[in-house]
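Before any comments, here is the structure.
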Amino acid sequence: MRDREEVTNKVSQFLEQIAGPDIQITPETNIAEELALDSVKVLDLLMELEDEFDVSVPLNLMADVQTVNDLVNLIEKTITDN
Amino acid sequence: MPLLDKFSSFLEERKQLLSVKPDIFGTKIEKMYSATEASIDGHKVLLAGTNNYLGLTFNKECLDAAHKAIDEEGTGTTGSRMANGNYSSHRELEKDLADLYHCNHCIVFSTGYQANLGTISGLAGTGDVLLIDAHCHASIYDGCKLSGAEIIRFRHNDPDDLSKRLNRLGDRAKSSLVIVEGIYSMLGDTAPLKEFVECKKQHNSYLMIDEAHSLGVLGDTGQGLVEVADVGKDVDFITGTFSKSLGSIGGYCASNHSQLDAIRYMSRPYIFTASPSPSNIASARAALVLLKEGKHLRENLWKQSNRLYAHLQNLGFKLGPEPGPVIAAQLETPEEALHIWTTLLKKGLYVNLIFPPASPQNMPLLRISISAAHDDKQMDFICNVFTELMNEK
């Protein structure tokens with residue numbers, strides 16, 4: 001089982017790779033607006049995270065994800081459900 | 001945010017692109033001269049971005065069939081297939097398409113978009129799982145969304161990645177549908193279909209292929225990728241469109257599963273729309289005969305496609321992974337793409353310009369589609385225009 005801190009760190013790490021080191025990632029960061037990620041970039045990021053945690057996250061649930069914290073919650077829940 | 005405020009920010013962000021003339025997102029075709037020539041912005045141009053793969057839009061047999069249908073059955077059906085819009089010709093076209101694929105069942109929809117929307121949302125529902133290739137068309141994404149099923153995306157053209165995701169589903173894999181395309185609309189590459197078939201068999205899943213860009217282009221009788229890969233019997237559902245190689249409008253799903261007919265009663269995009277007009281169906285039927293017999297059309301299509309792919313490669317363009325009638329030049333920046341597109345148009349060549357996120361890999365694309373109606377002289381022109389473009393850099 002991966003703990004919440006580990007999931008948060010990994011998500012932040014992946015987002016930093018895309019957004020660049022100059023942008024501060026916090027749990028409240030809005031992924032689409034503040035990091036300027038379009039829908040495809042977000043889906044590609046999700047694929048990387050799925051492989052990292054060996055889970056499949058249904059795309060349907062991504063509609064409710066706005067912040068880094070939302071994404072961490074979704075991945076954590078998927079890991080728990082599996 | 002007030003309802004209409006999002007349009008202000010959208011228009012502001014795209015100010016530069018939207019100010020370019022002619023409008024890149026709504027190029028106006030003022031006059032059509034033939035399947036490959038038109039007038040845009042007052043100038044005659046050669047068309048190399050129309051998806052008119054077999055060049056049949058002005059074919060005499062197709063025109064005659066459409067004229068006859070209008071005279072005999074009117075301009076439109078004014079109703080749904082479930083009500084007054086179900087003509088003999090719709091059923092006959094369904095039989096023609098079922099025959100093409102050696103299938104027992106086929107449904108005709110009003111557009112190719114609706115064929116995917118209606119098939120996917122009719123087949124899958126809550127509790128089912130849809131696994132889609134990352135490069136699938138928007139109509140597939142939208143069909144998945146409409147279905148209410150779980151949607152899982154796998155890496156483009158990667159059967160191992162699909163297998164990994166099917167493994168994660170465990171026993172639920174048997175209520176899953178895998179969706180791929182014959183030729184992908186943006187980069188023009190083909191799916192490794194045999195491998196996908198093996199994968200779905202191993203996991204007791206189902207497989208659907210969209211042959212929108214491969215119908216008429218691949219296979220001895222033009223079925224598409226299923227014919228080249230010789231897996232027609234192993235693919236559960238085949239969808240496609242009339243709006244590319246058949247030069248009409250409409251779409252279809254063919255299958256050997258008898259349950260396909262049941263989706264007529266539960267597919268909202270089939271039920272709640274008017275059926276295709278008689279002239280669309282008539283020209284599609286005439287074009288389908290020409291498509292089956294069209295080996296000579298495919299020979300020229302592939303000859304011209306291979307020639308342009310090699311030429312652009314020699315000029316240093318970064319292209320999609322394999323030659324074919326869809327040739328995509330991947331460019332670095334939107335500004336570069338826009339400059340090349342407008343320069344080509346000024347030189348008399350129309351191609352498609354695609355920006356992310358509609359194009360994959362976050363790269364703008366110049367998307368060129370070749371037609372069997374392009375002759376050697378026209379291909380000389382296309383090649384020369386690109387050579388000039390590179391020399392002027």
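Lettering follows sequence order; numbering is per chain, from 1. All heavy atoms count here, side chains included; hydrogens, waters and symmetry mates do not.
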Select, from Leu61(A), Leu59(A), Leu46(A), the one with the greatest count of heavy-atom pairs under 4.5 Å involving chain B. Leu59(A)

Part of Leu43(A) within contact of chain B (heavy atom distance under 4.5 Å): both

For Glu48(A) and Arg155(B), work out which heavy atoms get closest and say how close. OE2-NH2, 3.2 Å

What pair of heavy atoms forms the shortest contact from Ile152(B) to Ser56(A), and how long is it? CD1-CB, 3.7 Å

CD1 on Ile151(B) to CE on Met62(A), rounded to 0.5 Å: 12.0 Å

Find out whether Arg153(B) and Asp44(A) are in side-chain contact, i.e. whether some heavy atom of one side chain is under 4.5 Å from a heavy atom of the other. yes

Is Arg165(B) paired with Asp51(A) through a side-chain N to carboxylate O contact shorter than 4.0 Å? yes

Salt-bridge test for Arg168(B) and Asp81(A): reply yes if a basic N is under 4.0 Å from a carboxylate O, no otherwise. no

Taking atom CZ of Phe317(B) as the centre, does the number of heavy atoms from other residues, nucleotides or ligands within less than 6.0 Å exceed 12? yes

Is atom NZ of Lys164(B) surrounded by more than 12 heavy atoms (other residues, nucleotides or ligands) closer than 6.0 Å? yes

Taking everything shown except Glu322(B) itself, do over 12 heavy atoms lie less than 6.0 Å from its CD? yes

How long is the span from the CG atom in Asn60(A) to the NZ atom in Lys145(B), to the nearest 0.5 Å? 9.5 Å

